[in-house]
Protein chains: 2
Amino acid sequence: MKHVTIRALARELNLSVSTISKALRDSYEISAETKQRVLALAATLNYTPNPYASSLRGKKSRTIGVVVPEVADSFFSLAINGIESVMKAMGYHVLICLTHEQFDNEKLILKEFQSGRVDGVLLSVSRETLSGEHIRDLAAQDVPVVFFDRVLDEVQAARIVTNDFESGYAATAHLVENGCREIVYLGISESLSISNRRMEGYRQALADHRLPFRTGNVVACTNDAAENYKTVKKMLQRKAPRPDGIVASVEKLTTTVYQACNDLRLRIPSDVKVVCFSNLEIATILHPSLTTITQPAFEMGRAAASLLLKAIKGNNVMSAEMVIPSVLIPRGSSTR
Amino acid sequence: MKHVTIRALARELNLSVSTISKALRDSYEISAETKQRVLALAATLNYTPNPYASSLRGKKSRTIGVVVPEVADSFFSLAINGIESVMKAMGYHVLICLTHEQFDNEKLILKEFQSGRVDGVLLSVSRETLSGEHIRDLAAQDVPVVFFDRVLDEVQAARIVTNDFESGYAATAHLVENGCREIVYLGISESLSISNRRMEGYRQALADHRLPFRTGNVVACTNDAAENYKTVKKMLQRKAPRPDGIVASVEKLTTTVYQACNDLRLRIPSDVKVVCFSNLEIATILHPSLTTITQPAFEMGRAAASLLLKAIKGNNVMSAEMVIPSVLIPRGSSTR
DNA sequence: ATGAAAGCGCTAACAT
DNA sequence: ATGTTAGCGCTTTCAT
């Protein structure tokens with residue numbers, strides 16, 4: 001079967017294409033009766049408008065781009081659910097693009113988005129992203145950009161974030177209050193703003209509790225699980241001072257940390273206490289159950305999507321910033 | 001800055017639009033020198049072709065649709081990675097659409113895909129999907145459809161699946177060999193083919209080991225975690241015969257099962273042994289570590305994507321079927 | 001080697 | 001209330 005166009009409907013009903021077009025869009029210019037006939041025929045012939053024709057004509061795609069490092073990650077997949085729930089309700093499509101944490105991919109994707117393929121972009125930058133030229137280039141083409149979670153401070157754009165500093169602080173203070181004196185911070189990347197903000201919170205909490213900050217206690221993890229495992233293991237084997245607490249700033253490190261502790265016969269929480277930034281619901285059934293900083297992933301997705309829609313409608317939201325707090329959920333891995 | 005079109009390049013270089021178009025596509029008709037000039041200008045002006053214009057013109061979108069029940073699920077998110085790896089290499093875009101396990105959403109999405117928005121579709125049906133009219137309608141518009149993982153037997157289309165029967169069999173046999181006599185099967189849905197095939201494997205394994213099959217031992221779970229929790233709990237409290245083994249056919253049930261056992265003070269594996277269909281890497285650090293049937297999610301995504309590309313190129317792959325085996329990974333939850 | 005022109009399907013300004 | 005027409009940006013056939 002060939003695809004049914006407006007022209008086909010017009011011929012069939014002895015009407016002009018513009019009449020059909022108007023009828024389909026429920027224009028006041030068209031008589032009720034004609035609308036009826038058009039709609040009826042459209043239904044029987046299974047007419048579906050060609051989105052590319054209207055996009056070309058109208059200069060809007062009713063599609064947004066979502067650029068994320070990864071989809072196999074509970075934070076991002078939940079955020080995508082939030083984004084999708086808003087966009088679906090408003091009749092928008094969501095084009096998900098993965099950077100796999102690589103800056104070059106991110107650059108290519110944003111460049112492609114200058115073509116008019118999307119009406120706006122939601123972006124969570126890769127761990128490699130240091131400069132924002134590619135983002136500004138996109139914005140210069142009047143494609144609104146809203147950051148969510150992982151922002152690039154250098155770029156002035158709307159942003160939906162969580163309270164990373166406070167969360168890093170809370171995680172650390174929680175460990176101190178439970179007796180830790182030598183706390184290790186496992187970061188995601190040295191440049192990523194969220195990781196650094198969480199670390200600043202960690203530093204501040206140490207200071208406020210009169211504990212020394214040691215650069216040796218901050219470890220920048222990589223994107224390679226095997227390598228991270230080695231790093232964490234080495235860290236845990238250190239004597240004098242022996243680490244007795246871990247703040248892991250990314251979900252993927254959960255397995256690494258538990259595995260390393262297991263293999264080294266270190267007991268959680270008696271030997272080492274652990275807090276992890278994570279959205280895994282499975283945290284509850286780990287042994288011991290995992291104390292988490294749980295981010296409002298779905299809500300952040302929703303908020304970012306709503307804000308982007310405002311920007312698409314023409315509102316200037318460039319300086320909008322929304323902070324949705326994360327929550328510390330104390331569980332077995334950190335209490336004495 | 002306004003979007004740069006082919007016309008702008010043409011004017012700037014005193015050439016015709018067709019010359020520019022040909023130069024950009026590296027046509028043999030154009031002189032090397034002209035190509036140089038065009039490419040150079042395109043680069044400086046940051047020209048990006050309008051994809052909707054070419055789609056409209058060429059009747060192909062270089063976009064495929066991926067229709068899945070959910071993205072916050074390790075099987076689907078890994079499969080998406082596989083799909084994306086292939087499609088990116090071939091210069092295709094991936095439009096991910098979520099059904100949230102609802103048939104109506106699936107219908108709407110496929111209907112929309114009749115518009116020419118995508119060149120082909122990868123589909124994993126919802127748990128509610130019983131009939132395939134909507135899929136046939138799409139195929140009738142010459143949009144190739146490839147099933148992956150969750151197929152609908154009724155529809156003749158290419159399919160990439162895993163060996164669900166054998167996996168169900170292996171999981172059950174494994175439990176029997178480890179001493180279970182009263183094994184419960186937790187299904188996803190009564191209609192879903194994969195769930196039924198896994199259950200058939202379960203039945204066959206029981207039969208081969210001379211164990212009775214009881215309908216009461218088959219539980220169809222819902223999409224509601226709280227409800228599933230109650231169901232599983234009730235099941236585990238049953239006396240005479242008391243269940244001593246569980247085959248959970250879907251990842252989400254892991255938490256449910258562990259939680260219920262915890263709350264009932266049932267010990268895994270001494271009181272109940274558990275095998276779960278799951279791709280969670282975290283299985284290794286559960287306590288006890290979880291025996292899984294691990295599906296080749298990434299590979300299935302890749303295979304499905306490659307097959308769809310063949311179909312888009314015009315090959316008839318309607319009757320293609322590929323089975324990529326899952327593997328049983330025995331861990332602490334099922335061994336005595 | 002380059003250019004003119006038609007047309008993909010749709011929308012909207014401008015007739016009638 | 002309905003119709004005519006131009007044009008969105010691109011590709012491609014058919015000139016030149």
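Every chain is numbered from 1, with letters handed out A, B, ... down the list of sequences.
Nearest nucleotide to the side chain of Ser16(B), out of dA4(C), dC10(C), dG9(D): dA4(C). Set against dC10(D), dT2(D), dC10(C), the side chain of Ile6(A) has dC10(C) as its closest nucleotide. Distances from the side chain of Pro49(B) to the nucleotides dC10(D), dT12(D), dA12(C) place dC10(D) closest. Residue Lys22(B) places its side chain closer to dT12(D) than to any other of dT12(D), dG9(C), dG3(D).
For Lys310(A), the NZ atom sits in a loose shell: 12 or fewer heavy atoms of surrounding residues, nucleotides or ligands are nearer than 6.0 Å. The 12-atom threshold is not exceeded at CD of Glu12(A), counting heavy atoms of other residues, nucleotides or ligands nearer than 6.0 Å.
For dT2(C), one of the phosphate oxygens OP1 or OP2 lies less than 4.0 angstrom from a side-chain nitrogen or oxygen of Ser31(B). Within the structure, a side-chain polar atom (N or O) of Thr19(B) is placed less than 4.0 Å from OP1 or OP2 of dG3(C). OP1 or OP2 of dC10(D) has not a single side-chain nitrogen or oxygen of Ser54(B) nearer than 4.0 Å. Distances shown here put every side-chain N or O of Arg25(A) at or beyond 4.0 Å from the OP1 or OP2 atom of dC10(C). Between Ser18(B) and dT13(D), a side-chain N or O to OP1/OP2 separation shorter than 4.0 Å is absent.
Rounding to whole angstrom units, CG of residue Leu9(B) and C1' of dT2(C) are separated by 16 Å. Distance, Lys35(A) NZ to dA1(D) P: 9 Å, rounded to whole Å. Going from atom OH of Tyr28(A) over to atom P of dA1(D) covers 10 Å, rounded to whole Å. Distance, Tyr47(A) OH to dC10(C) C1': 7 Å, rounded to whole Å. To the nearest angstrom, C1' of dG7(C) lies 13 Å from CG of Asn50(A). For Gln114(A) and dG9(D), the CD to P distance is 16 Å, given to the nearest whole Å.
For the residue pair Gln141(B) / Asn46(A), no side-chain donor-acceptor distance below 3.5 Å is found, with atom types taken as modelled. Between Asn223(A) and Gln102(A), the side chains place no donor N or O within less than 3.5 Å of an acceptor N or O (distance only, hydrogens not considered).
In the interface, the side chain of Thr5(A) is not paired with the base of dG9(C) through any donor and acceptor atom under 3.5 Å apart. Side chain Lys59(A) to base dG9(D): no donor-acceptor pair is found below 3.5 Å.
Nearer the 5' end of DNA chain D, as judged by each residue's closest nucleotide, is the contact made by Ala53(A), out of Gly58(B) and Ala53(A).
Counting any heavy atom pair closer than 4.0 Å across all strands shown, Ser21(A) reaches a base atom. Nucleic acid contact for Ser55(A): none, since no nucleic acid atom lies under 4.0 Å from a heavy atom of the residue.
Using bins of under 30°, 30° to 60° and over 60° for the plane-to-plane angle, the ring pair Phe148(A)/Phe76(A) lands in the perpendicular bin.
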